[in-house]
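Per chain, numbering begins at 1; letters A, B, ... match sequence-line order. Because the structure is predicted, anything quoted here is derived from the model rather than measured. Values reported hereafter were calculated over all heavy atoms of this structure, with side chains retained and with hydrogens, waters and symmetry mates removed.
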Amino acid sequence: VSPRIDRRVQPLGWDEAADLDKPPATIPEAAETAVPAELRERIEALMSRYPDRRSAALPALDAAQRVHGWCSPEAIAQVAAVMRVTPAYLSSVATFYDMLRTEPFGRRYVYVCTSVACHLRNAKAVYDAISDEAREQGLEDCDLREFECLGACDMAPMASIDGRYVGPLDPSDAPELVAALRENREVLPGRGLTDRGFELPWHEQGAAPPALPDGPPTPPDPSPA
Amino acid sequence: VSETLETRVLTANFDVANLDLIHVYESTGGYRSARKAALEMTQDEVLEQLESSGLRGRGGAGFSMGKKASFIPKGSMDKFLCCNADESEPGTFKDRLLMQRNPHLLIEGVIIGAIAAGANRAFIFIRGEYSAQADILDRAVEEAYGEGYLGEGVFGSDIQVELVVHRGQGAYICGEESALLDALEGKRGNPRLKPPFPANQGLYQGPTLINNVETLCNAPIIIEKGAEWYRQFGVGASTGTKVVSVSGNVQRPGNYEVELGVTAREIVYGLAGGPLPGREIKCWFPGGSSAPVLLPEDLDLPYTFESMAEAGSMLGSGAIIVVDDSVPIVGVALRLAEFYRHESCGKCVPCREGTNWTVKMLERLDRGEATPMDIEIVAGVQENIIGNCLCVLGDSMAMPIGSMIKHFRPEFERHIMEARERADQAAAVGEFSAVELAASPYAGPGVG
């Protein structure tokens, strides 16, 4: 493999030859597939919300991911057995969406937005600081990655921690952010978008204009971690 | 900061505490419009009000909402209303604010939209990243069901409106209406070939009306105060107010509701505080990252659908991203191209390959491996994407990058020459190979 190709971004099983003699996976037998009762109920409730049960594919995979930590072959088989669809169909869906993971990355997630509007406010430096800190402190079971626009450019640079938006961030917030994640504490209390009384610093009464880091933002890395 | 520049219509009650609770919302006059539409007005009267208000879609295309609703065929089949809350356009965060602060306004808008289209089933497709907002909506929907404002016989009429909040799982393309329908049907979010348009064959092959969150939030106000009252805001064919998201290199990024027709300068300088001291505006995106960039002298144009189109750009989702002179334009172009490469669904070749080529070429340009001739090739690729795909995702990259090359060609050329000099110096001391090898042509942010 050429060293220019980043192996990490290839889908699981990319290098394995397909077994052409193997019959395609069929819908798993409901009787032979053990599904946690809670997950089954959740998926059945989801299916009942739509005129077509297949509409529940996305929320059902999300529910299974919450149980298994990722869309593992086992998780997909369980969803397939309850929804009566083939595992291949669910794999095709799971591989399309950013928030469904087909490889184990961790149960918690930290998405650091580095899209255009955050890029202009030095988001890359924030991401680098958090990822350095995560390595240093040995943060485990956490899916830390750069993410495309999270729709919170007013609090840029920002990150989504299990769906809780925190910002505006500075590289100096990284040690506290990672430490709080490791110790399962609330991350940067009071600085979450949905926290009670949250206001952007420059929208508070009599606020001074915010200080931004000097100099141009770090140019985008052509090979993000 | 001048408070008078803001015209608060949608966001009028946003300072009221606990507005997301149904009784608080009703104490501010909430659900009166939906009740009126359900009990006192016919479907045609609702349609007439929406159409004559001149309300145009706030999601990007700017099509008349009333007209769009009138395209839905009559008849007793299942009809659908989808609210597009998959707000993923870089720079746009207005729907997030509306849903978080005032979820019942959206639900009321959905009820009115459903009455206008004759739809009995409604869905709010919200992006999965907005999980806090989705939870707020879930609670609000439950409250509305509890009061009998949703479900069978809304407000005691014979109208049925079922509403489900559906969460996406992270894909920008699902903001495209036909891809949104596929995602809602539980498939990969690939755009469909049009025609047939969703008005005839949309969700589950049934007639479907798709509207943006902000568009639907305007409907209760139009029904309550009347189309004539609503038309007093705005200029020409751009009526009403717009929640503008201002981001990037300004002092006070945020959402500001303004009357359409104020100048962009008033929004960027008056409300958002302008660039930081000592910096100058280099260029700005008037309508999200998909809009071709405009120059500082265009800031005096009125902020309307028409004047932005005349200036060669678009109002789009109403998101202004300001870029100041400290930022290299090549870096912005590269970051933009990386976004669209990552989000391209891969169905159409010009978009899938074109976004990838653009990223590779801009990276090469940044590494000092390009010559000024390569600018022509980048520009040529953009031209070959526009208009050649099923949806406009590819165009959304091609148009802004094309406009950057048009406006900033000398800077691109200077960037190439400087990068080449840097690379030559690095090669002279034998440094570049590690950088060269680490650069992956396939890796995008968050790929995998």
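Using a 4.5 Å cut-off between heavy atoms, B:Ala17 makes no contact with chain A at all. Contacts of B:Cys174 with chain A are made by side-chain atoms alone, with heavy-atom separations under 4.5 Å and no backbone atom involved. Contacts between B:Ile173 and chain A at a heavy-atom distance below 4.5 Å involve the side chain alone, from C-beta outward. Looking at A:Ala152, both its backbone and its side chain come within 4.5 Å of chain B, counting heavy atoms on both sides. Looking at B:Leu336, both its backbone and its side chain come within 4.5 Å of chain A, counting heavy atoms on both sides. For B:Thr92, the part sitting under 4.5 Å from any heavy atom of chain A is the backbone (N, CA, C, O) and nothing else. Both the backbone and the side chain of B:Glu129 come within less than 4.5 Å of a heavy atom in chain A.
With rounding to the nearest 0.5 Å, the separation of SG in A:Cys149 from CZ in B:Phe93 is 8.5 Å. Note that CG of A:Leu46 and NE2 of B:His166 are 9.5 Å apart. Values are rounded to the nearest 0.5 Å. One distance of note links OH of A:Tyr165 with CD of B:Gln133; it measures 6.5 Å at 0.5 Å rounding. Here A:Arg121 contributes atom CZ and B:Ser247 contributes atom OG; the two are 8.5 Å apart, rounded to the nearest 0.5 Å. Rounding to the nearest 0.5 Å places CG of B:Leu163 at 10.0 Å from CZ of A:Arg49.
Counting heavy-atom pairs under 4.5 Å between each of B:Ser88, B:Ala132, B:Gly128, B:Gly189 and chain A puts B:Gly189 at the top. Of the listed residues (A:Asp162, A:Leu150, A:Thr194), the one with the most heavy-atom contacts under 4.5 Å to chain B is A:Leu150. When the candidates B:Lys94, B:Glu162, B:Arg127, B:Glu87 are compared by the number of heavy-atom contacts under 4.5 Å with chain A, B:Arg127 comes out ahead. Comparing A:Ala57, A:Cys153, A:Ala94, A:Ser92 by how many heavy-atom pairs each has under 4.5 Å with chain B, the most go to A:Cys153. For the options A:Leu193, A:Leu90, A:Val116, heavy-atom pairs under 4.5 Å to chain B are most numerous at A:Leu193. The candidate with the highest count of non-hydrogen atom pairs below 4.5 Å against chain A, out of B:Glu343, B:Glu89, B:Gln100, is B:Gln100.
Within 6.0 Å of atom CD in B:Glu142, 12 or fewer heavy atoms from other residues, nucleotides or ligands are found, so the atom counts as exposed in its surroundings. A 6.0 Å sphere centred on CZ of A:Arg66 holds no more than 12 heavy atoms belonging to other residues, nucleotides or ligands. For B:Arg364, the CZ atom counts as densely surrounded, since its 6.0 Å shell holds more than 12 non-hydrogen atoms of other residues, nucleotides or ligands.
A salt bridge links B:Arg335 with A:Glu148: the closest approach of a Lys/Arg side-chain nitrogen to an acidic carboxylate oxygen falls below 4.0 angstrom. Using a cutoff of 4.0 Å between basic side-chain nitrogens and carboxylate oxygens, A:Asp154 and B:Arg96 are scored as salt-bridged.
Counting heavy atoms from C-beta outward, A:His119 and B:Val323 have side chains that stay 4.5 Å or more apart. Using a 4.5 Å heavy-atom threshold, the side chains of A:Leu200 and B:Arg252 count as separate.
Across A:Cys118, A:Ser115, A:Cys113, a single residue satisfies side chain to side chain contact (heavy atoms under 4.5 Å, CB included) together with B:Pro90, and that is A:Ser115.
For the pair A:Arg54 (side chain) and B:Gly186 (backbone), a donor-acceptor distance under 3.5 Å is absent. Judged by distance alone, with hydrogens and angles left aside, the side-chain atoms of B:Tyr130 form no donor-acceptor pair with the main-chain N or O of A:Gly163 at under 3.5 Å.
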If you apply the rule side-chain contact (heavy atoms from CB on, under 4.5 Å), what do you find for B:Val332 with A:Leu120, and how did you get there?
CA-CA 8 Å; B:Val332 179; A:Leu120 295 170; 4.1 Å; yes

Please step through side-chain contact (heavy atoms from CB on, under 4.5 Å) for the pair A:Ser55 and B:Tyr204, ending with a clear verdict.
CA-CA 10 Å; A:Ser55 281; B:Tyr204 311 122; 2.4 Å; yes

Can you list the steps and then say if B:Gln169 with A:Val93 is a side-chain contact (heavy atoms from CB on, under 4.5 Å)?
CA-CA 10 Å; B:Gln169 288 298 326; A:Val93 172; over 6 Å; no

Could you walk me through whether A:Asp52 and B:Glu185 pass the side-chain contact (heavy atoms from CB on, under 4.5 Å) check?
CA-CA 7 Å; A:Asp52 177 350; B:Glu185 289 178 6; 5.7 Å; no

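Here the closest non-hydrogen pair linking A:Phe96 and B:Ala171 is CE2-CB, 4.0 Å. Shortest non-hydrogen contact noted between A:Leu58 and B:Gly168 is CD2-CA, 4.1 Å.
Taking the six-membered ring where the residue is Trp, B:Tyr256 and A:His203 present perpendicular rings, their angle passing 60° and hence far from 30°.
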